[in-house]
Amino acid sequence: MRILHVITSLRTGGAEKLMVDLLPRLHDFGHDVELCLFDGIRSPFYEELEKQGVKIHSFQTGGSVYNPLHIFRLISLIKQFDVVHTHNTAPQLFVALAHIVSPKCFLFTTEHNTTNRRRNIKGLVYIDKWMYSQYKKIICISDQAEANLRSYLHNSSDKICTVYNGVDIQKYMNAEPIFELREKYKDCHLGIMVAGFREQKDQKTLIRAYNCLPENYHLLFAGSGILEEECKQLTKKLGLASRIHFLGNRTDIPQLLHTADIVIMSSHYEGLSLSSIEGMACGKPFIASDVDGLREIVQGFGILVPHEDEKTLANEIQKACTDMSYREKIISLCQEKTKSYDISLMAKNYNLLYTE
């Protein structure tokens with residue numbers, strides 16, 4: 001088959017990282033797999049896919065991903081493929097519109113979150129119902145994402161299904177720490193959060209938690225985004241600039257995770273956080289916010305703390321760093337849980353849906 005995946009960009013994010021891990025594996029099933037970007041800004045993910053030989057179609061660099069000209073660009077592009085698979089709102093809507101003129105391909109989409117802002121805007125549900133009706137399959141990345149979408153659309157159709165997101169588990173289990181960085185913080189308890197700085201994430205609560213911890217607790221942030229500067233300003237305001245370190249976008253995430261003593265995901269909501277699965281696989285205690293998309297994979301394995309509760313978060317960070325028996329128990333449970341989220345299993349399930 002000729003398969004085209006369509007996404008807004010390859011900036012930092014779980015859906016974007018998924019393209020890097022998933023598309024080459026779909027190619028290994030014998031398919032011709034290509035990628036379309038509304039915003040073709042170059043990034044580490046972009047360059048990694050290029051190295052793996054995936055052909056990338058870019059509509060523009062910068063600018064609004066809701067540029068209506070993309071619809072006309074899609075009309076001529078999607079007719080070349082058997083399957084077109086979308087991610088994120090703008091591609092979901094614009095491909096559905098282009099499909100009216102170029103109806104020969106089968107449309108698939110992945111719903112990457114348990115909720116989004118447009119579900120709270122009155123009247124948009126009717127547009128969404130039409131949009132989703134154009135798709136052969138709507139793939140949700142977690143049970144909670146599927147339940148929430150069905151409730152929103154009032155849809156019990158079997159076209160909605162769940163395929164768990166996945167990561168390269170062995171890559172994260174077997175990575176080596178960064179020696180120079182570990183030496184730099186050898187006298188510290190080092191935490192890390194890997195995530196973009198956007199409304200969905202909750203780095204601010206984590207920053208406030210570190211204000212409740214002793215001086216020898218340091219934190220790394222890996223990622224970038226529109227809220228990064230706000231978080232930096234909060235860090236300075238609380239006098240934490242010497243203890244909280246902003247690394248920007250990194251391509252050595254497995255190594256960074258193995259360098260830290262503890263991995264944290266502070267968030268307002270998730271679909272199924274790939275960063276969380278990576279964090280649970282790396283052999284370090286994992287702490288997450290008790291919210292949709294994190295609760296279902298962390299509960300009973302890692303450590304859940306109430307949403308926006310910096311004091312409880314600080315207490316759990318300290319306990320996971322200092323209570324060795326508790327720490328080892330959490331590590332063992334987390335690694336056992338991640339076996340269900342291997343990228344090879346996800347690719348196999350996507351291939352089954354396509355071939356059906």
Side-chain angles (χ1 to χ4, degrees), residues 5-8 13-19 22 65 85-96 107-167 195-196 198-202 205 265-277 279-280 286 288-302 304-309 337-338 340-341 345-346 349-350 353:
H5 280 250
V6 188
I7 195 169
T8 49
E16 293 79 4
K17 176 65 163 61
L18 190 62
M19 299 297 97
L22 177 64
V65 296
H85 193 138
T86 66
H87 310 263
N88 305 341
T89 303
Q92 285 176 326
L93 179 59
F94 285 5
V95 166
L107 299 190
F108 289 71
T109 192
T110 296
E111 195 65 26
H112 287 276
N113 277 304
T114 52
T115 188
N116 55 51
R117 286 176 294 176
R118 73 180 188 272
R119 294 187 192 178
N120 298 318
I121 300 174
K122 189 176 182 179
L124 281 189
V125 64
Y126 300 106
I127 296 174
D128 281 353
K129 282 185 175 182
W130 173 84
M131 177 185 78
Y132 287 115
S133 73
Q134 306 306 300
Y135 284 87
K136 189 75 173 176
K137 281 287 183 183
I138 303 161
I139 302 168
C140 299
I141 65 171
S142 69
D143 298 327
Q144 191 63 55
E146 179 178 342
N148 290 3
L149 182 64
R150 287 187 182 277
S151 176
Y152 170 66
L153 298 176
H154 300 287
N155 189 326
S156 59
S157 167
D158 62 2
K159 72 158 53 180
I160 302 175
C161 64
T162 293
V163 175
Y164 295 140
N165 264 4
V167 301
R198 51 185 183 270
E199 292 181 4
Q200 173 185 346
K201 307 300 181 181
D202 187 20
T205 294
M265 178 57 67
S266 180
S267 188
H268 296 300
Y269 64 89
E270 294 285 343
L272 188 152
S273 169
L274 291 176
S275 292
S276 297
I277 298 169
M280 292 175 75
F286 183 78
S289 306
D290 189 0
V291 297
D292 283 354
L294 288 174
R295 183 183 305 113
E296 64 185 280
I297 61 171
V298 178
Q299 192 166 40
F301 298 90
L304 285 173
V305 298
H307 179 227
E308 296 184 329
D309 185 345
K337 177 68 172 178
T338 59
S340 303
Y341 298 97
L345 180 60
M346 179 189 179
N349 287 331
Y350 268 46
L353 290 173

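For reference, positions follow the sequence shown, starting with 1.
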Any idea which heavy atoms bring [X] and [Y] closest together, and the distance?
X	Y	answer
I277	T338	O-CG2, 3.6 Å
G196	K201	O-CG, 3.2 Å
N88	A15	OD1-CB, 4.2 Å
T115	Y269	O-CE1, 3.5 Å
R119	L149	NH2-CD1, 3.5 Å
F108	L353	CZ-O, 3.8 Å

Listed by chain and number, what are the ring pair (Phe, Tyr, Trp, His ring centres under 6.0 Å) partners of H5, not counting sequence neighbours? H85, H87
Measuring only between side-chain heavy atoms, which start at C-beta, is [X] closer than 4.5 Å to [Y]?
X	Y	value
E111	N116	yes
H112	L18	yes
M265	E270	yes

Distance, nearest 0.5 Å, that separates [atom1] of [X] from [atom2] of [Y]:
X	Y	atom1	atom2	result
Q299	K337	CD	NZ	9.5 Å
Q144	N113	CD	CG	12.0 Å
T110	I138	OG1	CD1	10.5 Å
F94	T89	CZ	OG1	10.5 Å

Name all residues meeting the side-chain contact (heavy atoms from CB on, under 4.5 Å) criterion together with [X]; count only those two or more places apart in sequence or in a different chain, and write none if there are none.
X	answer
A90	T8, F38, V65, Y66
V291	S289, L294, H307
D128	R118, M131, Y132, Y152, L153

Which residues share a side chain to side chain donor-acceptor pair (under 3.5 Å) with [X], sequence neighbours left out:
X	result
T205	D202
E296	S142
T109	T86, Q92
D290	R295

Go through the steps for I7 and M19 under the test side chain to side chain contact (heavy atoms under 4.5 Å, CB included), then give the verdict. CA-CA 9 Å; I7 195 169; M19 299 297 97; 4.1 Å; yes
Walk me through it: do H268 and E199 pass the test side chain to side chain contact (heavy atoms under 4.5 Å, CB included)? CA-CA 8 Å; H268 296 300; E199 292 181 4; over 6 Å; no
With a 3.5 Å cut-off and sequence neighbours excluded, list the donor-acceptor pairs that the side chains of residues 158-167 form with protein atoms.
residue	atom	partner	partner atom	Å
K159	NZ	S133	O	3.3
K159	NZ	Y135	O	2.7
T162	OG1	E146	OE1	2.4
Y164	OH	D143	OD1	3.3
Y164	OH	D143	OD2	2.8

With sequence neighbours left out, what residues match E308 under salt bridge (charged side-chain N to carboxylate O under 4.0 Å, His left out)? none
Not counting sequence neighbours, which residues clear salt bridge (charged side-chain N to carboxylate O under 4.0 Å, His left out) with R198? List them please. none
